[in-house]
Amino acid sequence: MATQRLTEYERKRIENIKRNDELLASLNIKSKLSDLSTSAKRQRSEAKSYKLSPEKKARSQTPIVIRRSLRTQGKSPDSAGLKDDFTEPPKNSTTLKSQVSPNKSARELGPISMRDSNVCSEPDEPLVNKILSVCRESGLEDGGGDRKCRVRVRARASVDLEAMELAPENVARVVPNRILSVKFFPSADLKMVVVGNKFGNLGFWNVDSENEDGDGIYMYHPHPAPVSAILIHPFSLNKVITSCYGGRVRSLDVEKETFGLVYSTEDAIFSMSQQHGDVNSLYIGEGHGVVNVWDERSARSSFSWELHDSRINTIDFNPENTNMMATSSSDGTACIWDLRKLGKTKPESLKVITRERAVHSAYFSPSGGLLATTSLDDKIGVLSGANYEDEFMINHNNQTGRWLSSFKGVWGWDDSYIFVGNMKRGVDVVSTEQKRLVTTLESPHLTAIPCRFDPHPFIPGMFAGATSGGQVYIWS
DNA sequence: GCTTGAATTACGCGA
DNA sequence: TCGCGTCCATTCAAGC
């Protein structure tokens with residue numbers, strides 16, 4: 001009787017769970033998983049802290065508490081045969097591509113359920129329920145995906161830098177290894193970050209998880225290669241779009257609990273963005289300098305432009321004039337484009353900024369009046385003026401080397417400050433008024449170099465930093 | 001002009 | 001606590 005009342009979706013899910021149980025039983029690894037699970041719980045409650053070098057100990061008398069699950073330590077349950085190609089990479093693997101099994105195509109080109117890609121000991125339900133409840137409270141049950149609207153995508157406010165603090169409970173290791181992208185859910189009712197790492201893992205951390213059983217950290221493996229970008233639109237909180245070096249764009253539908261495939265290409269995807277008022281078009285930076293505009297509803301490419309000679313590291317839109325797009329590239333330039341003039345012909349940029357080395361980011365300020373660039377020639381540049389004709393530059397060590405994600409200077413909540421990583425374990429803050437570095441956010445709890453950042457768009461002062469060791473730090 | 005190889009650096013893990 | 005392995009970033013130089 002009860003089964004009859006189930007929806008088709010629920011029935012399929014139960015069947016899926018049954019299938020997995022049978023598989024686990026046949027492989028006799030259920031007991032192993034349970035051992036690992038209890039071990040992970042033990043680890044979380046007993047052995048939370050990292051060991052510190054003497055130098056680091058000198059900076060702090062209090063132990064640093066880092067929440068970490070077994071999975072985030074890179075120790076996966078012995079799930080050979082359980083999750084196909086979605087296991088952790090073998091320790092001696094030399095390339096990321098080599099970790100993918102030959103039967104990848106069917107799996108990689110279809111939708112992947114959250115359950116199948118879950119690689120942590122936490123169930124999906126608390127995460128799904130939390131996101132959906134915020135959607136309901138915000139009146140976004142339908143996801144708002146069809147809305148083409150002019151929205152304010154972030155709060156504007158001036159922030160007292162002195163008041164920004166890093167509390168020890170706001171430090172966590174969310175995924176193993178190097179984080180390439182970090183994004184807050186754009187809702188004032190949700191303090192949740194999403195991070196993507198080198199292995200293609202997607203980590204969710206609900207910072208307000210006191211009422212939950214676990215530590216509020218969830219990890220999935222929807223991609224086989226580094227996650228290059230994460231997009232969440234304020235009117236589509238139940239949709240998390242991610243791109244990866246493997247040439248795939250997936251969209252997590254929280255309601256359906258599935259990572260659907262949105263776009264696929266042979267080329268690596270290094271960057272992805274959306275116009276602030278249009279949730280249906282994805283601007284995808286792929287291969288050696290191509291921007292492809294993908295229309296999600298018609299599932300076809302509406303434009304494809306060759307804008308650079310090398311990989312495009314960032315794509316950004318002017319918040320006040322969404323026809324104005326900025327790109328940064330490893331060809332040593334950053335460009336501003338007018339989308340109305342980018343037809344199908346050879347593109348011509350409004351402005352070209354040339355640097356001596358690769359440019360890793362070019363972001364418009366919250367007002368759209370300034371453009372900040374970060375490049376490997378150790379410069380942070382700020383363009384201003386009606387046509388961005390004025391520029392000042394400051395020297396800044398951007399040599400992150402091979403093992404760290406490159407630095408990208410990001411804007412805070414107004415045009416006053418740019419935040420950028422510091423090789424001495426801090427966050428440098430550049431004032432656009434004083435045209436110099438004014439302060440560095442430091443903390444004894446900051447035990448690694450933060451490379452990638454995201455300010456909470458609706459909670460001024462809340463700022464996430466992510467490292468190449470999988471840690472996330474949240475200043476508030 | 002193209003390919004190949006060397007050199008660079010921070011971090012986590014295991015002994 | 002120390003040393004090893006990492007290896008999808010980038011630049012430069014050497015060799016063809």
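Numbered from 1 within each chain, the chains take letters A, B, ... in sequence-line order.
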Reckon [X] has a side-chain N or O less than 4.0 Å from the OP1 or OP2 of [N]?
X: A:Arg311; N: C:dT10; value: yes
X: A:Lys198; N: C:dT6; value: no
X: A:Thr467; N: B:dA10; value: no
X: A:Gln471; N: B:dG12; value: yes

Rounded to whole Å, how long is the line connecting atom [atom1] of [X] with atom [atom2] of [N]?
X: A:His223; N: C:dC8; atom1: NE2; atom2: P; answer: 18 Å
X: A:Asp377; N: C:dC12; atom1: CG; atom2: C1'; answer: 16 Å
X: A:Ile269; N: C:dC8; atom1: CD1; atom2: P; answer: 18 Å
X: A:Ile179; N: B:dA10; atom1: CD1; atom2: C1'; answer: 14 Å
X: A:Asn197; N: C:dC8; atom1: CG; atom2: C1'; answer: 14 Å
X: A:Glu286; N: C:dC8; atom1: CD; atom2: C1'; answer: 17 Å
X: A:His288; N: B:dC2; atom1: NE2; atom2: P; answer: 12 Å
X: A:Asn313; N: C:dA9; atom1: CG; atom2: P; answer: 9 Å

- Item | Near-ring test A:Phe453/A:Phe463, centroid separation under 6.0 angstrom |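 Yes, they do, as the ring centres are separated by less than 6.0 Å.
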- Give me the one residue out of A:Ser330, A:Ser375, A:Ser406 that meets side-chain hydrogen bond (donor to acceptor under 3.5 Å, both in side chains) with A:Asn313.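 So, applying the side-chain hydrogen bond (donor to acceptor under 3.5 Å, both in side chains) to A:Asn313 and each of A:Ser330, A:Ser375, A:Ser406, only A:Ser330 qualifies.
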- Test item: A:Asn318 side-chain N/O and A:Met324 main-chain N/O as donor-acceptor pair under 3.5 Å: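 Between the backbone of A:Met324 and the side chain of A:Asn318 there is no qualifying donor-acceptor contact (under 3.5 Å).
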- Task: Would you confirm whether A:Asn197, through its side chain, and A:Asn201, through its main-chain N or O, come within 3.5 Å as a donor-acceptor pair?
- Result: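 Flag set: sc A:Asn197 to bb A:Asn201 pair under 3.5 Å.
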Counting side-chain heavy atoms from C-beta on, which of [options] comes nearest to [X]?
X: A:Met423; options: C:dT11, B:dT9, C:dA9; answer: B:dT9
X: A:Leu376; options: C:dT10, C:dT6, B:dC11; answer: C:dT10
X: A:His360; options: B:dC11, C:dT10, C:dC8; answer: C:dT10
X: A:Ala448; options: B:dC11, C:dT10, B:dT9; answer: B:dC11
X: A:Ile449; options: B:dA10, C:dT6, C:dA9; answer: B:dA10
X: A:Arg173; options: B:dC11, B:dG12, C:dT11; answer: B:dG12
X: A:Ala358; options: C:dT10, B:dC13, C:dA9; answer: C:dT10

- Task: Decide, applying a 5.5 Å centre-distance limit and a 30° plane-angle limit (both strict), whether A:Trp403 stacks on C:dT6.
- Result: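 Given the distance and angle limits, yes, they stack.
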- Message: Tell me every residue that passes side chain to side chain donor-acceptor pair (under 3.5 Å) with A:Asp331, counting only those two or more places apart in sequence or in another chain.
- Response: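 Counting only residues at least two positions away or on another chain, A:Asp331 forms a side chain to side chain donor-acceptor pair (under 3.5 Å) with A:His308, A:Ser329, A:Thr333.
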- Task: Tell me, please, which residues at least two apart from A:Trp294 pass ring-ring contact (aromatic ring centres under 6.0 Å, His included).
- Result: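 ring-ring contact (aromatic ring centres under 6.0 Å, His included) check on A:Trp294 returns A:Tyr263.
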- Query: Across the strands shown, which category fits A:Ser405 at heavy-atom distances under 4.0 angstrom: base, sugar-phosphate, nothing?
  - Reply: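 It contacts nothing in the nucleic acid.
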- Message: Taking donor-acceptor contacts at under 3.5 Å, does the side chain of A:Arg402 reach the base of B:dT9?
- Response: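 Side chain to base: no pair present.
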